[in-house]
Structures are given as C-alpha cells and as structure tokens.
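Take a look at the structure below.
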Amino acid sequence: MKQIILGALLITFSACNEPPQRNCKNFKTGDFSFTSIINGEEKTTTFSRTLEIEVDNFEGKQDTSSIRWINDCEYVLKNKNPKNKAEEKSIHIKILTTSDSSYTFEYNAIGDKRKFKGTAYKIH
C-alpha cells in the first residue's frame, strides 16, 4: 500500500516539473503584436521579423533593428538608426514559453539588471 501511495506522489510531482513548451523556431520570423503598459496607458507595438532584421511600428513611428541570434530562443536587437543614447543600447530577448500563436519572453537592455516580461502574438 505504501508503494502505491509513494508511486502516486512521485507521478504527481514529476508532472508538475514538466519544462515549459518552447517551439521557438516557429517564432523566428513573421508579423507580431505586443501590448505593454506605458505611463498607465495600454500601448501596442507591431513588428515584422526576418532572420536578420526586425521592423517595429509604434505610434506611427518605425524603427529597424539588426538581429543576432544566440540560439533558437535568444537573440539581441541593435537599433540601426538610434536617435539617442538609450536607443544605442542593444536589447537581449529570451523566449520563455510558446503556444500555437504566441510566445512569452523576457527582455532587458544589455548591461541593465532589470528584466521585463511580455507576450507577443503572431499575426501572420
């Protein structure tokens, strides 16, 4: 009887420790949207990504960044035409989990210890 209970507990705990799904290759290219809260307002950015560049559209402005892939789930963005010191900093992005149509990621400016999270949704 003890073996049955121990076996059931073992199965229960091992099911809780499943690694999150990460099919990052499905999100290396495409069109996406990302919504964030800026100064208490919800703002949406759309972006198109190829293997080499990402073009962001935010509030009528467009920025282009080069992409350096570290692995299938991590990459670094570098703004091609920075307008100030903040835009000169590269951004490290790590995909944490994926679903059929979205991915959750964390990001930070390289050298900044603060990390932020978001979810991007594939449009096409």
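Heavy-atom basis, side chains included; hydrogens, waters and symmetry copies ignored.
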Does anything in residues 115-124 form a salt bridge (charged side-chain N to carboxylate O under 4.0 Å, His left out)? List the pairs, not counting sequence neighbours. E106-K115
Is [Y] close to [X] at the side-chain level, that is, under 4.5 Å between some pair of heavy atoms?
X	Y	result
K78	S65	no
R49	Y75	yes
T104	I95	no
E54	L77	yes

Surrounding [atom1] of [X] (heavy atoms of other residues, nucleotides or ligands, distance under 6.0 Å), is the total greater than 12?
X	atom1	result
E42	CD	no
N84	CG	yes
K83	NZ	yes
Y121	OH	no

Between [atom1] of [X] and [atom2] of [Y], what distance do you get to the nearest 0.5 Å?
X	Y	atom1	atom2	value
E74	H92	CD	NE2	4.0 Å
N26	S102	CG	OG	11.5 Å
S66	N79	OG	CG	8.5 Å
K25	T98	NZ	OG1	12.5 Å
S101	I123	OG	CD1	11.0 Å
D56	T46	CG	OG1	8.0 Å

One pair to check against side-chain contact (heavy atoms from CB on, under 4.5 Å): Q62 and N57. What are the steps and the verdict? CA-CA 5 Å; Q62 192 174 71; N57 295 292; 3.1 Å; yes
Please list every donor-acceptor pair under 3.5 Å in which a side-chain atom of residues 28-41 meets a protein atom from a residue at least two apart or in another chain.
residue: K28; atom: NZ; partner: D72; partner atom: OD1; Å: 3.1
residue: D31; atom: OD1; partner: S48; partner atom: OG; Å: 2.6
residue: T35; atom: OG1; partner: T44; partner atom: OG1; Å: 3.0

Using every non-hydrogen atom in the two residues, find where F105 and I93 come nearest and quote the distance to one decimal. CD1-CG2, 4.0 Å
When you group the ILVMFWY residues by side-chain heavy-atom contacts below 4.5 Å and let the links chain together, are [Y] and [X] in the same group?
X	Y	answer
L51	F47	yes
F116	Y103	yes
V55	I91	no
I53	F58	no

